[in-house]
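The structure appears below as structure tokens.
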Amino acid sequence: MKLDPRNFHGWNYRRFLAALSNVPEVEELMYTMEMIDSNFSNYSAWHNRSFLLSNLLKQKAQGFVSKEKILTDEYDLVHQALFTEASDQSGWFYFLWLLDQTVSPDQPLVASSWPAHGSSWVVSTNRSKSDCRLFPFESSNSCYYLPMSIVPIILYFNQPVSGVSSSTVTVNSVFTSNEDITWRPLSLAKSENAHCWVTYLKISDARSNGTSSVEISLGHSQDIKSAHGSPHTCPVLLKFTIELNCIDAEQPGGEFGEELFVFNSDQVCLPYEDFPISSFDQLKISENHAPVASSWDVETLSNEISLFKGSPDDNCKFVKLTLARLLVAYDAMMSERSPSLQKKTHSEEVLKFFDDLIQLDPVHAKFYEDQRSLVILDQVTFDKESLMKNYGRLCKLASSSHHYHVLQLNKLSLTRIGFVERLLWVQILDLSHNEIQSISGLEALQLLTCLNLANNQLNSFAALEPLRLLSSLRVLDVSFNKIGSYLIDTKRYLCSSPMSHTVDIKEVIKEFQDTEIADYWEVIFIFKELQLTQLNIEGNAVANDNLSLLLKKTIPGLIWLNGDRVQ
């Protein structure tokens, strides 16, 4: 440590030895202070300080009970480093950690749900078919298409949690007993921690018409925990009603995939008042339960914003990034404290900061573009008015008398997805003509039936992995992306795919021995789980006749491929 005080290998080994020798964490914290005093640029010491403080605050160790006092002292400490050497990144990263500690919720909360609390629905099901349609009680012209006659129940938490089960969440319903309910995490990783959890009501099991109430309750559960071990302690009770209407006649046409679905912004639109969520705030169910930000939180952010706006180094990339993060956090905090304000005051200023950062620091442009995308998505999904004013649309298929909900988020220069907890109601989503490279998060949209990802920057089939968790998806357009444009240098990388270390490739391809699949095993893995009726992959480097043949074999129910009918 004396020869190289910033060597992270040495610090990692020191943590190992300290734990092995039961050295008190307070002593180690004092040691980080010694190292920082001798050199503000010691990133490893700042990092170890954040690690130790996290543990001490979580344990509420003696002298570390008051989180506000500890963080206030740490802000004062890091200010000395920032204004001594503004170009050194060590203190800035520690400041962003402090900001995260200031604004992040301590306890997991249910942030939103679907069906929305207080909503009423009419289910029209045909006994001779396996699908049904779900109508908002107040609008018979607008409907959801539900394959397999199952209604998803979605709980979206403000942070990844584990322990959601029939013993921690009670579902009272005539459609199934709570003991038969199985909750599953919507996560690509083989982990029991997820933001989003889902279960299903099997409407097909009910054979009598009538109106039934469904109740979902979460109490004080020590079993539902965040990844950091904090339990869920805010009781939640959700209620909605379902009126079942079983009919013997054939339902009218318009089922997804039976006719070619073309994403077209000129399709017939419904008026504003027919928005699928009669009250957009129905999605937000934790406002009455969650503790609001304290006056200390707001005052701290306000003071820090004033401090950095007065910085003489206003063209420094660290100052701009820190101000952008502070303003985003401040707006989010104020909107929670005063929902009636309804507007993100500093959004345009933050977007300008990220535009400047992309020019100032092109090496990290992708990170800034992702952060800018989150600000844009926050703007256009913040409330019902924002959605409808900007990109909300509702349309219907030519052969159907029912309307389907379409949300158009195209041509926004988005590079990633965010705020999906506000979009649980979406059935048709247009994300075309953006710059999206990752669709992580879309797995939460369990009602999603049609998805347009055309003209983006997806560079492999592995990027589509979240779609495997969408059992309702029927129409997918990934045309004119970059799939197949970038070959993996297998001399440099051991794996030819980011999924290689998590997928049993032999198991995936065992049914396709008669097909040349060396370059296409990802295709089988992604698409064999989907029930697509329509797919468009034209305009990608990987598209060719061999791939088309493989897709037809992998997706037996496929009706349309690249705009042509295949069966």
Side-chain angles (χ1 to χ4, degrees), residues 110 112-156 164 166 169-184 196-218 236-252 254-256 274-285 394 400-405 423-427 444-449 470-472:
V110 181
S112 64
S113 69
W114 199 94
H117 174 59
S119 59
S120 298
W121 303 87
V122 177
V123 174
S124 177
T125 182
N126 189 320
R127 291 192 178 96
S128 64
K129 300 177 72 174
S130 62
D131 58 12
C132 67
R133 287 171 173 80
L134 186 68
F135 301 86
F137 186 79
E138 64 274 9
S139 175
S140 60
N141 289 324
S142 178
C143 83
Y144 287 97
Y145 167 70
L146 299 178
M148 299 177 287
S149 293
I150 56 174
V151 176
I153 298 177
I154 308 167
L155 297 178
Y156 196 99
V164 178
S166 59
V169 179
T170 302
V171 178
N172 290 322
S173 164
V174 299
F175 301 107
T176 186
S177 65
N178 184 62
E179 292 73 19
D180 294 331
I181 289 287
T182 300
W183 291 90
R184 67 184 182 104
C196 193
W197 288 74
V198 66
T199 191
Y200 303 95
L201 291 181
K202 297 181 180 179
I203 303 299
S204 58
D205 292 345
R207 292 303 179 184
S208 59
N209 293 346
T211 301
S212 302
S213 175
V214 179
E215 294 186 1
I216 302 103
S217 59
L218 294 80
V236 174
L237 178 62
L238 309 172
K239 295 182 180 180
F240 60 91
T241 62
I242 292 179
E243 179 181 331
L244 187 60
N245 180 21
C246 295
I247 59 176
D248 293 324
E250 287 291 316
Q251 303 242 26
E255 182 174 314
F256 290 106
D274 280 330
F275 191 69
I277 301 296
S278 58
S279 172
F280 186 75
D281 288 335
Q282 284 180 324
L283 285 173
K284 306 172 187 177
I285 64 175
L394 300 170
S400 174
S401 60
H402 306 306
H403 294 88
Y404 296 93
H405 315 140
L423 306 177
L424 302 182
W425 53 273
V426 174
Q427 184 171 211
L445 308 189
Q446 289 293 293
L447 296 168
L448 198 61
T449 309
L470 298 178
S471 60
S472 293

Legend entry - Sole residue of Val198, Val169, Ile181, Leu201 in side-chain contact (heavy atoms from CB on, under 4.5 Å) with Ile153: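 Filter result, single survivor: Leu201.
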
Taking every non-hydrogen atom, the tightest pair across [X] and [Y]:
X	Y	value
Arg184	Tyr200	NH2-OH, 3.1 Å
Pro115	Trp121	CB-NE1, 3.6 Å
Ala444	Cys196	CB-SG, 3.8 Å
Gln446	Ser472	O-OG, 3.4 Å
Leu237	Ser217	CD1-CB, 3.8 Å
Ser113	Leu424	C-CD1, 3.9 Å

Inset, instruction - Could you verify whether a donor N or O on one side chain and an acceptor N or O on the other, from Ser112 and Trp114, lie under 3.5 Å apart? - result: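 Side chains of Ser112 and Trp114: no pair found under 3.5 Å.
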
Inset, instruction - Would you check if there is a donor-acceptor pair between the side chains of Ser120 and Thr241 at a distance under 3.5 Å? - result: yes

Legend entry - Test item: Leu448 and Val426 side chains (from C-beta on) under 4.5 Å apart, heavy atoms: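 Yes, close enough: below the 4.5 Å cut-off.
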
Legend entry - Side chain proximity check, Val110 to Leu218, heavy atoms < 4.5 angstrom: yes

Inset, instruction - Begin from the C-alpha positions of Ile242 and Phe175 and carry the test side-chain contact (heavy atoms from CB on, under 4.5 Å) through to its verdict. - result: CA-CA 10 Å; Ile242 292 179; Phe175 301 107; 3.9 Å; yes

For [Y], is there any backbone N or O sitting under 3.5 Å from a side-chain donor or acceptor partner on [X]?
X	Y	answer
Thr199	Thr182	yes
Asn172	Glu215	no
His117	Leu238	no

Inset, instruction - Enter the distance from Thr176:OG1 to Ile150:CD1 here, rounded to the nearest 0.5 Å. - result: 12.5 Å

Inset, instruction - Before giving the answer on side-chain contact (heavy atoms from CB on, under 4.5 Å), spell out for Thr170 and Ile216 the whole-Å C-alpha distance, their side-chain angles and the decisive distance to 0.1 Å. - result: CA-CA 6 Å; Thr170 302; Ile216 302 103; over 6 Å; no

Inset, instruction - Go through Leu155 and Trp183 one step at a time and tell me if the side-chain contact (heavy atoms from CB on, under 4.5 Å) criterion holds. - result: CA-CA 10 Å; Leu155 297 178; Trp183 291 90; 3.7 Å; yes

